[in-house]
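First comes the structure, then the notes that go with it.
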Amino acid sequence: MRHVIALDVGGTGMKAALVGADGTLLHEARRATGRKRGADAVVETILAFAADLRAHGEEHLGESAVAAGVAVPGIVDAEKGLAVYSANLGWRDVPLRALLGERLGVPVALGHDVRTGGLAEGRIGAGRGSDRFLFVPLGTGIAGAIGIAGAIEAGAHGDAGEIGHIVVRPDGPDCSCGQRGCLETLASAAAVTRAWAAASGDPSADAADCAKAVESGDPAAVRVWQDAVDALAAGLVTAATLLDPGTLIIGGGLAEAGETLFTPLRAAVEERITFQKLPHIVPAALGDTAGCLGAGLLAWDLLSTEVSA
């Protein structure tokens, strides 16, 4: 059965799949990155995992994969096939496309994890049918993927969509990027976790605990949650003003709160809208499979480009 290898590399673990031409996940697997052993060990783990996936396809699907796609965090130069930098994985300027191509003997596409997840959400997930969308996962940080006509806009330097570093409160907390009051310091899952741990006096409390306390009517939790929602709404309205998306797709850990997040968020965005068209605000549909599915789409896109060339 004709298929491609898809790899989604995270800070601590990797999700992988063999993906059919129609997007079907024919085989799924997970493996730790082994980042505690250093950047070189992470790279070798990725290469070995990909080789094992190729072998699985040969044994169980009757043929070898025809291409591979890999999504990685941090700074990515997709054109050159370089994993430029990742603080979590400790690597710099890794020629990952070339290394995987040499190991597998097939064409390889390399992409940024959030943009790759956004590609999947746009084509086969919550953004299907939307010509213009913005995908915003709310996790440890906040990033974004700008969808235009079935593709993701990378920008002139590969940095488009970094909505987490829009300053929404100039007097807010320091951000690792060097600014103060960036959106991700106030509205990420990590930011809500910090705020709720402090407000509740429980250092082990996290954003999911805060959401549960909101649902039970805890006034301190409601204040923490609403502060995050207000900051997120301010960032999304700035993005909507610049990009005019038809759909805002919200994913990541914080979105798992469901309507506890989406009901106040839609209201807060609508309150701030003046002349702009109000976009549809919807939850992401693909969960933690988005990166894998997107990596598969990158691989199939690469094959179609090579054929047409």
Side-chain angles (χ1 to χ4, degrees), residues 10-13 73 88 114 117 121 125-126 134-144 163-177 179-240 247-273 278-291:
T12 58
N88 285 335
V114 172
E121 283 288 352
L134 178 65
F135 170 56
V136 182
L138 309 174
T140 303
I142 297 178
I163 184 176
H165 296 289
I166 289 176
V167 174
V168 292
R169 292 182 187 160
D171 58 347
D174 290 336
C175 181
S176 60
C177 77
Q179 299 188 107
R180 292 188 65 188
C182 287
L183 179 60
E184 74 173 38
T185 69
L186 298 158
S188 63
V192 174
T193 290
R194 288 192 297 270
W196 180 234
S200 67
D202 179 359
S204 67
D206 62 13
D209 296 322
C210 184
K212 291 174 185 174
V214 170
E215 291 161 10
S216 67
D218 185 306
V222 170
R223 285 193 297 272
V224 167
W225 197 257
Q226 194 60 50
D227 281 349
V229 167
D230 287 344
L232 181 56
L236 292 177
V237 170
T238 298
T247 305
L248 291 173
I249 305 169
I250 311 299
L254 215 58
E256 293 176 6
E259 287 306 312
T260 301
L261 174 67
F262 284 94
T263 296
L265 179 61
R266 291 184 183 109
V269 169
E270 189 167 2
E271 285 173 5
R272 288 165 172 76
I273 289 289
L278 184 67
H280 298 290
I281 301 176
V282 299
L286 302 177
D288 71 353
T289 66

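Excluded from the calculations below are hydrogen atoms, water molecules and symmetry mates; all remaining heavy atoms, backbone and side chain alike, are included.
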Exercise. What's the spacing between Asn88 CG and Thr140 OG1 if we round to 0.5 Å?
Worked result: 8.0 Å

Problem set entry | Of all pairs that satisfy salt bridge (Lys or Arg N to Asp or Glu O under 4.0 Å), the ones with a partner from residues 164-174, not counting sequence neighbours | Asp174-Arg180

Exercise. Excluding sequence neighbours, so at least two apart, what forms side-chain hydrogen bond (donor to acceptor under 3.5 Å, both in side chains) with Asp202?
Worked result: Ser204

Seminar exercise, completed: Residue pairs meeting salt bridge (Lys or Arg N to Asp or Glu O under 4.0 Å), one or both in residues 217-232, sequence neighbours left out, come to Asp230-Arg272

Please report, to 0.1 Å, the donor-acceptor pairs under 3.5 Å made by any side chain of residues 191-199, with sequence neighbours excluded.
from	atom 1	to	atom 2	distance (Å)
Thr193	OG1	Ala189	O	3.0
Thr193	OG1	Ala207	N	2.9

Exercise. What distance separates Leu183 CG from Leu138 CG, expressed to the nearest 0.5 Å?
Worked result: 8.0 Å

Seminar exercise, completed: For Ala126 and Pro283 the tightest heavy-atom approach is CB-O, 3.4 Å

Exercise. Taking only residues two or more places apart in sequence, or in another chain, which ones meet Thr263 in a side-chain hydrogen bond (donor to acceptor under 3.5 Å, both in side chains)?
Worked result: Glu259

For this session: Kindly give the heavy-atom pair with the smallest separation between Ala143 and Val114, and that separation in Å.
Result: CB-CG2, 3.8 Å

Exercise. What pairs with Ala284 under side chain to side chain contact (heavy atoms under 4.5 Å, CB included), at least two apart in sequence or on another chain?
Worked result: Glu121, Phe135, Ile249

For this session: Please name all residues satisfying side chain to side chain contact (heavy atoms under 4.5 Å, CB included) with Leu278, sequence neighbours left out, ordered by chain then number.
Result: Val269, Glu270, Ile273

Pairs under 3.5 angstrom only: tabulate donor-acceptor contacts from the side chains of residues 208-217 to other protein residues two or more places apart or in another chain.
from	atom 1	to	atom 2	distance (Å)
Asp209	OD2	Asp206	N	3.0
Glu215	OE2	Thr260	OG1	2.8
Ser216	OG	Ala213	O	2.9

For this session: Kindly give the heavy-atom pair with the smallest separation between Pro203 and Gly201, and that separation in Å.
Result: CD-O, 3.5 Å

Exercise. Restricting to pairs with a member in residues 181-190, which pass salt bridge (Lys or Arg N to Asp or Glu O under 4.0 Å), not counting sequence neighbours?
Worked result: none

Seminar exercise, completed: Between the CG atom in Leu254 and the CG atom in Leu261, the distance rounded to the nearest 0.5 Å is 5.5 Å

Exercise. If you take all heavy atoms of Cys182 and Cys177, which pair is closest and at what distance?
Worked result: SG-SG, 3.7 Å

Seminar exercise, completed: Residue set satisfying side chain to side chain contact (heavy atoms under 4.5 Å, CB included) with Ile166, at least two apart, ordered chain then number -> Ile163, Val168, Thr238

